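Predicted, not measured: the structure shown is a model, and the values here were computed from it. The figures here come from the full heavy-atom set of this structure, side chains too, leaving out hydrogens, waters and symmetry mates.
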Amino acid sequence: MSPSRRELLRAGRGVAAAAPLTRAAPAAAQERSDGDLLRGLLGVEQEAALVYGTLRPGPPVPARLFREQSREHARGLGIALRNRGGREPRPPARVGRASPAHALELELQALAAYHRAVGELGDASLLPTLASIMANHGQHAVVLRQALRRDPLPSAFAGARVR
Amino acid sequence: MLTRRELLGLGGAAGSAAVIGACGGNGRNSPPRSRQRLARALDLKLLGSALDLEHTLIAAYAAGAELVHGGALRASRAIVAQEREHARRLAELIRALGGQPNPPRTREEYARAFPRLTGSHDALRFGVDLENAAVRLYVESLPKLSSPELRRLAAAIATSEAEHTAVLRGELGRTQVPDAFVTGRGRAG
């Protein structure tokens, strides 16, 4: 068992959903294309983890929980990326303290990125995992909108640019 | 509680005629047109199951409407409006693919299948269970859908259903986002 797989197993709750991430895609050309998509999504997760790390923890936004969930996503995506010969992007640098509005903006970017990716990804075995991560970002957005006293459910079709 | 088979078996026949009509080819070795027919038939079957589940959700929120009040009632109304949007879009797609969308069952048929709801907590909890069933259906259907557009739609609706669970769990006073990977099968329910 590789260290990365061990890491994933330690992640516990995400194991079942992340399992397909450990499979390699069949075609080399597809791997490159899927690798680019995964690298982009991993960058989003790294940024989300950073933002939640700078958000004041506690109600109404459970920033530590959201940071840990983004890290779980990043771990799974990192394994999938490495299995396709890709290299993880360098994590962004920490800049100042984030606000719930900033976090919501980032969640909307994440939703749009996953929405695009599920239409472009070549390896269909990854799709349930990407959708399960996208759904988690939708839930983060609900909590952030409620914290900001906005409509928590502004769209029936998540992934479009809706505040 | 309804079983998944019962929930998904409330219809699901939207694409059945097309599935039967497409039989005879065996996927990989069949000519492209036959493969296309098979793919369309599977799309119709999955969209039909999804539409049936959306109808069930709408009926469930209607059944629980008298039991919830205040913020929970407002949330329930907002959610059911979105379920109707999902159902409309799915019915449009089924028609566009040459299928016939199943109509909803009668109120009495749904009532017989639903558990007895005695209060707000029951109604909200039932909503969470059904929303999780919907998340499972959309997430697990994704690799089987034939086009990027259908996959994006399934992911978008799965996310919408997951958002509903976050709102309902909040009304129940529970952790709104218990799992990093939202599959509809989380231990937290």
Which value, rounded to the nearest 0.5 Å, describes the distance between [X] atom [atom1] and [Y] atom [atom2]?
{"X": "A:E72", "Y": "B:D179", "atom1": "CD", "atom2": "CG", "answer": "8.5 Å"}
{"X": "A:T129", "Y": "B:L142", "atom1": "OG1", "atom2": "CG", "answer": "10.0 Å"}
{"X": "B:H86", "Y": "A:F157", "atom1": "NE2", "atom2": "CZ", "answer": "5.0 Å"}

Same cluster or not: [X] versus [Y], using hydrophobic residues (I, L, V, M, F, W, Y) connected whenever any side-chain heavy atoms lie under 4.5 Å apart?
{"X": "A:V143", "Y": "A:Y52", "value": "yes"}
{"X": "A:L50", "Y": "A:L108", "value": "no"}
{"X": "A:L38", "Y": "A:L127", "value": "yes"}
{"X": "B:L145", "Y": "B:Y138", "value": "yes"}
{"X": "A:L106", "Y": "A:L55", "value": "no"}

Next on the checklist: Which residues in residues 157-164 of chain B have any heavy atom closer than 4.5 Å to a heavy atom of chain A?
Outcome noted: B:I157, B:A158, B:T159, B:S160, B:A162, B:E163, B:H164
Checklist outcome for this item: Within residues 65-75 of chain B, the residues sitting under 4.5 Å from chain A by heavy atom, in sequence order, are none
Checklist entry - If only atom types and distance count, is the side chain of A:H115 paired as donor or acceptor with the main-chain N or O of B:A155 below 3.5 Å? => result no
Item to check | Backbone N/O of A:P128 and side chain of B:E140: donor-acceptor pair under 3.5 Å | outcome: no
Checklist entry - Looking only at heavy atoms, which two atoms of A:S132 and B:T183 are closest? And how far apart? => result CB-CG2, 4.1 Å
Item to check | For B:Q176, side-chain hydrogen bond (donor to acceptor under 3.5 Å, both in side chains) partners two or more places apart | outcome: A:Q146
Checklist outcome for this item: Turns out that what part of A:Y114 lies under 4.5 Å from chain B's heavy atoms comes down to neither
Item to check | Close side-chain approach of A:N136 to B:V177, heavy-atom, < 4.5 Å | outcome: yes
Next on the checklist: Can you confirm whether B:F181 sits close enough to A:H73 that some side-chain heavy atom of one is under 4.5 Å from a side-chain heavy atom of the other?
Outcome noted: yes
Checklist entry - Looking at B:R152, B:R151, B:R84, which makes the most heavy-atom pairs under 4.5 Å with chain A? => result B:R152
Item to check | Members sharing B:V135's hydrophobic cluster (side chains within less than 4.5 Å) | outcome: B:V139, B:V182
Item to check | Largest heavy-atom contact set with chain B, pairs under 4.5 Å, which of A:V118, A:L153, A:V142 | outcome: A:L153
Checklist entry - So what's closer than 4.5 Å to chain A heavy atoms on B:R89: side chain, backbone, both or neither? => result side chain
